[in-house]
Amino acid sequence: MAISKEEVQHVAHLARLEFSEEDLERFTRELSGILEYMAKLSEVDTSGVEPTYNALRLENRFREDQVQASFPPEEILSNAPEREGSSFVVPRVIRS
Amino acid sequence: MEHRSLLEWRESLRRREISARELVEYYLERIRRLDPKIKAYLTVCEEEARRQAQEADRRLSAGEDLPLLGVPLAIKDNICTRGVRTTCASRILENFVPPYDATVIERLKAAGAILLGKTNLDEFAMGSSTENSAFFPTRNPWDTERVPGGSSGGSAAAVAADLCAGALGSDTGGSIRQPASFCGVVGFKPTYGRVSRYGLVAFASSLDQIGPLTRTVADTALLLQVIGGPDERDTTSWPEPQPDYLAELEKPLSPLRLGIPKEAFGEGLSSEVRRVLEEALREAEKLGHEIREVSLPHLEYALPAYYIIAPAEASSNLARYDGVKYGFRAQGRDLIDMYKKTRSRGFGAEVKRRIMLGTYALSAGYYEAFYRKASQVRTLIIRDFEEAFRQADLILMPASPTPAFRLGEKTDDPLKMYLSDIYTIPVNMAGLPGLSLPVGFTENRLPVNLQIIGPQLADALVLAFGRALEAALALDLKPPLE
Amino acid sequence: MEFEAVIGLEVHTQLLTESKIFCGCSARFGAEPNHHACPVCTGMPGSLPVLNRRVVDFALRLALAVGARINPVCVFARKHYFYPDLPKNYQISQYEAPLAEGGAIEIEVDGKRKKIGLVRIHMEEDAGKLVHDEARPVSYVDFNRTGVPLLEIVSQPDIRSPEEAVAYLKKLRTIVRYLGICDGNMEEGSLRCDANVSVRPKGSEEFGVKVELKNMNSFRHVERALRYEIKRQIGLLLEGKPVVQETRLFDEATGTTHSMRGKEEAHDYRYFPDPDLVPVRIDEAWIERVRAELPELPDVKRERFMREYGLPAYDAEILTASRPLAEFFEECVKLFPQPKKVSNWLMTEVLRELNREGKEIDETGLKPEHVAELLKLVDEGVISITAAKKIFPEVYATGADPRKLVEERGLRQESDEAALEAVCREVLSENPAEVEKYKAGKKGVIGFFVGQVMRKTRGKANPKLVNQILTRLLEE
């Protein structure tokens, strides 16, 4: 179950990561190896088996619709790489 | 004075044989002297610990009785501590200071505990040796050329080297139990949902749990009592209150059926580890318990299933690290460029590897074959355990296939590293409680732990049996540090 | 060749809960940037979502109102894409197991009734706000809106014209306002609409290429955008050119749609069930609890108004367009049991004031007692209808008691027969020529006499009574 370099590039873009050519080669090799190991799973017969997404099988956990005090804006912004007033600042999305 | 248990320190504090301030100074001095060799800590909260100790002394004098008043603890650096840098051993959060405490931290503070500092880990808890920390690796106090295990390597080493009275770690695929084994300390992953995940920086949400690392089982029981229990901020937390663990430990243990999965003692297990574990099993029998063989037929599939589910959830949980709201931000031509440079420079290689794996597993065309399939295999693993627990009260397995390996020994092949977790991963997949208990040493004096696993919510039983075996073995667990 | 349009609408409604869907921050609009924020809605490390029960209640109300099939278990899923207004870079939404599927909304266009089918209704969280700077190449991010609860309502592609689309939106808006779950304001963004539109030869069963339309901020925008887009697509096909599947934005300045410039990425949302949230199981008991609290729905109320009050469809439609107005109407009728008169008054005088101020009737101080009182005064002949219309704005604005106003302003009509008869005789004797005209058959002259009596009494005479007296005198 090997993965191609193009697929790796596409996945990298989806995950907003970029790689040097060298790293891309290495990643492609490593991921291919890992994925081949994962292919073991196809040996298992899972027909009719419900997937488990949570081991505890809890249901219906809620909170009531009550307003709780928000955090002071200063604390929300305390780790902001760039801010102006009480807003976060980010570079524009430039459409090519 | 060294290597006292947490409960012994607590007793001394209550009797005023030692003040909280003296105890903090004791640990700060040891950290100053020994941590340069071990490098367990990322952040030491010297001033704050002293201030908290002063406050603790005032309350102790006033006769206040809190479960952990004056006890200095170390916290793995992926647990949010208000006002104290929480880095997850990653450059992307190198200067992140959370404006809030994790629920477990709130509970420790309410119990009077003192925060000594934040310990090293594999970046974002992804790894089995703490070599993936973006800052530096931690060393094993038993042999500083070897790794302490991971990802809670810092916490395990700090406990083993007596650089704290106890510590918290987190466990997603073995990250408490395996380093506990490498460092010869007690490590416990509670039943999933026993301890709130609010404030634990998420790696794989359906697998993560916070748990204690301590020198004795009773210490672990006390820490679990304080940090565990329902939390309305975490809807995956178990809604029922906890039993009184320490009280349960006092009760006499009836003879138990101890299940040994035949699939877990096959090849892949080092002969040294096998020898030590078999010795431990004989001790267990001497205590009046019955050893019997059970089967976990899908055990070999737990690892590949985990390495789809965990990275998938991780790729999603780590999407938020983008330089917009907190953490490292790289300069970029535009938004997308900023995202890519920030994440590519901010994350280390293993984290990126898992994000890539996870993104791939969830992407269009692959979801069914990977994530859904792995989640179905998870059901089969849960069923295997349920069946095994019909024939046994507890299941015993190795905590790790090998003792602590050398630094750099497994870093060239990720798959080799992943195989360190073959015995611990199935326990996370099924959400079961797992105790890692020191039971012996290899020829060259490296610790070996036994893993004790119980059915869901049987944390008290697991701890009780662990404590009985611990007492019977009465090991000397002081590493040859000084 | 005749073409028909095939339109499906995707509507998002912001719910009127006090707090956000996954945290306790206020969901109210209008605060300074990032003043309604916490670690959960800003996606800080270690934060976890906790579901607001009322969001499910509101969603169930809508599902029941449109007759949708409620799934016994529904699950939240993560929808992944990177954007600064999405702090976790995934939106918590629903995918494989939404709250409800199916159902329909009935509309009426040109007297014809039609059911527009629904595909699904699901719950999700809103994103934040991004404001672009004009001068610098930066944007400002505000997370106040992040985590405000939304319902996404997807229709079947059953809509065939811009008029039907607007009727659908208006009906949906009325329903959510009736249910008290959303205030349905497109201009303010509490109700948003995207459209999927294609065209095909009339009678064909196959679907044409679908174009997604965005950036429509009012019913009018939706209508204009659809109209333009349908024409554009037909034009292309008539020229033998293909319609490109794409997303287009409505430009209100030109009334046209244009393609979103730049590389259009097909999104791979990588949906999977959110492991931080547990499934929601909705049992019969819960559904019945919600059903019991449902108000009478607009269509049912309209039919009942026609039946019970004998109102024409036109009146019933207007009165039931707003639940507070409908309830106000019924309260008035209890106090003054002449439904048509009440209806007339509400549709003219009251709605004029409400529209002028852009208010709902329950946002004013006007009470059913006021209207009932006014109508009684007219009915009793104490004041003329003209006088009533004159004092109503003041009653509306100040909540003054109409009876008191009538006394204070001396607006009482003269209804004393003897007194009026005297004035009538006076007028008749002063205008013998007109009397002759009347007797000769020109009955319309009576209006002149009434006018004269009104002048002599300075508008105080009860015109109906005057008319009766004059007629009697003239017939003698």
Side-chain angles (χ1 to χ4, degrees), chain B residues 78-80 86 88 93 96 98-103 124 196-202 204-208 231-237 309 312-313 315-327 333-336 338-340 343 358-367 371-372 375, chain C residues 22-24 34 37-53 76-92 95-96 127-128 130 132 137-143 146 262-263 265-280:
Chain B
N78 62 349
I79 296 171
C80 287
T86 300
C88 299
L93 286 180
F96 175 65
Y100 54 94
D101 276 326
T103 295
F124 281 104
S196 169
R197 289 185 300 115
Y198 184 83
L200 169 66
V201 179
S205 318
S206 75
L207 300 161
D208 294 341
D231 182 11
E232 56 184 23
R233 287 186 294 192
D234 173 5
T235 56
T236 61
S237 71
I309 293 172
E313 294 184 8
S315 71
S316 176
N317 287 326
L318 268 60
R320 67 190 64 196
Y321 302 106
D322 58 7
V324 171
K325 315 152 295 272
Y326 43 76
R333 288 188 308 273
D334 55 31
L335 185 67
I336 294 187
M338 186 274 271
Y339 280 153
K340 289 189 174 180
R343 291 165 63 79
T359 305
Y360 185 69
L362 291 174
S363 64
Y366 295 109
Y367 176 83
Y371 191 75
R372 194 160 192 281
S375 304
Chain C
F22 295 120
C23 67
N34 296 305
C38 75
V40 177
C41 56
T42 54
M44 289 199 187
S47 63
L48 294 172
V50 182
L51 178 60
N52 179 340
R53 190 202 301 267
F76 283 95
R78 295 186 182 180
K79 178 180 181 180
H80 299 85
Y81 61 94
F82 281 81
Y83 207 62
D85 66 2
L86 200 61
K88 302 184 290 293
N89 288 315
Y90 62 82
Q91 176 195 33
I92 301 178
Y95 184 59
E96 284 180 337
L130 213 55
H132 305 301
V138 297
S139 307
Y140 303 104
V141 194
D142 171 14
F143 294 118
T146 318
K263 198 143 66 108
E265 265 183 40
H267 285 289
D268 182 352
Y269 291 122
R270 304 187 294 291
Y271 287 102
F272 77 104
D274 193 321
D276 289 332
L277 292 165
V278 298
V280 180

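To find a chain, count down the sequence lines: A is the first, B the second, and so on, and within it residues start at 1. These figures come from a predicted structure and were not determined experimentally.
- Interface remark: C:Phe143 contributes side-chain atoms only to the contact with chain B (heavy atom separation under 4.5 Å).
- Side-chain contact check for C:Pro45 versus B:Phe124: every heavy-atom pair is 4.5 Å or farther apart.
- C:Tyr83 contributes atom OH, which lies 7.5 Å from atom CG of B:Leu335 (distance to the nearest 0.5 angstrom).
- Taking both residues in full, the closest heavy atoms of B:Tyr367 and C:Pro273 are given as OH-CD, 3.5 Å, listed atom of the first, atom of the second, then distance.
- Evaluation of the side-chain contact (heavy atoms from CB on, under 4.5 Å) rule for B:Ala312 yields B:Leu362, B:Tyr371 as partners, not counting sequence neighbours.
- Heavy-atom pairs under 4.5 Å with chain C peak, among B:Leu93, B:Asn317, B:Thr86, at B:Asn317.
- Closest non-hydrogen pair, C:Pro275 versus B:Arg197, comes out as O-NH2, 4.1 Å.
- Atom OH of B:Tyr100 and atom OG of C:Ser47 lie 5.5 Å apart (nearest 0.5 Å).
- Within the 4.5 angstrom heavy-atom criterion, no atom of B:Pro98 approaches chain C.
- Under a 3.5 Å cut-off, the side chain of C:Asp268 and the backbone N or O of B:Ala364 do form a donor-acceptor pair.
- Contact annotation for C:Tyr90: only side-chain heavy atoms (C-beta onward) come within less than 4.5 Å of a heavy atom of chain B.
- Heavy atoms closer than 4.5 Å to chain C are found nowhere in B:Asp208, neither backbone nor side chain.
- Closest non-hydrogen pair, C:Arg270 versus B:Ser363, comes out as CG-CA, 4.0 Å.
- Looking at every heavy atom in both residues, C:Asn89 comes nearest to B:Ala319 through ND2-O, 2.8 Å.
- Interface summary for chain C: among B:Asn78, B:Thr359, B:Val324, the most heavy-atom pairs under 4.5 angstrom belong to B:Thr359.
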Handout entry: Residues B:Arg372, C:Phe272; criterion side chain to side chain contact (heavy atoms under 4.5 Å, CB included); working and verdict
Key = CA-CA 9 Å; B:Arg372 194 160 192 281; C:Phe272 77 104; over 6 Å; no

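- In this structure, the side chain of B:Lys325 does not engage the main chain of C:Thr42 through any donor-acceptor pair within 3.5 Å.
- By the salt bridge (charged side-chain N to carboxylate O under 4.0 Å, His left out) test, C:Asp85 pairs with no residue at all, sequence neighbours left out.
- Here the rule is side chain to side chain contact (heavy atoms under 4.5 Å, CB included) with B:Thr235, and of C:Val50, C:Leu48, C:Asp276 only C:Val50 fits it.
- At least one donor-acceptor pair under 3.5 Å links the side chain of B:Arg320 to the backbone N or O of C:Met44.
- At a 4.5 Å heavy-atom cutoff, B:Ser375 makes no contact with chain C through either its backbone or its side chain.
- In this structure, chain C has a heavy atom under 4.5 Å from the side chain of B:Tyr339, while its backbone stays farther away.
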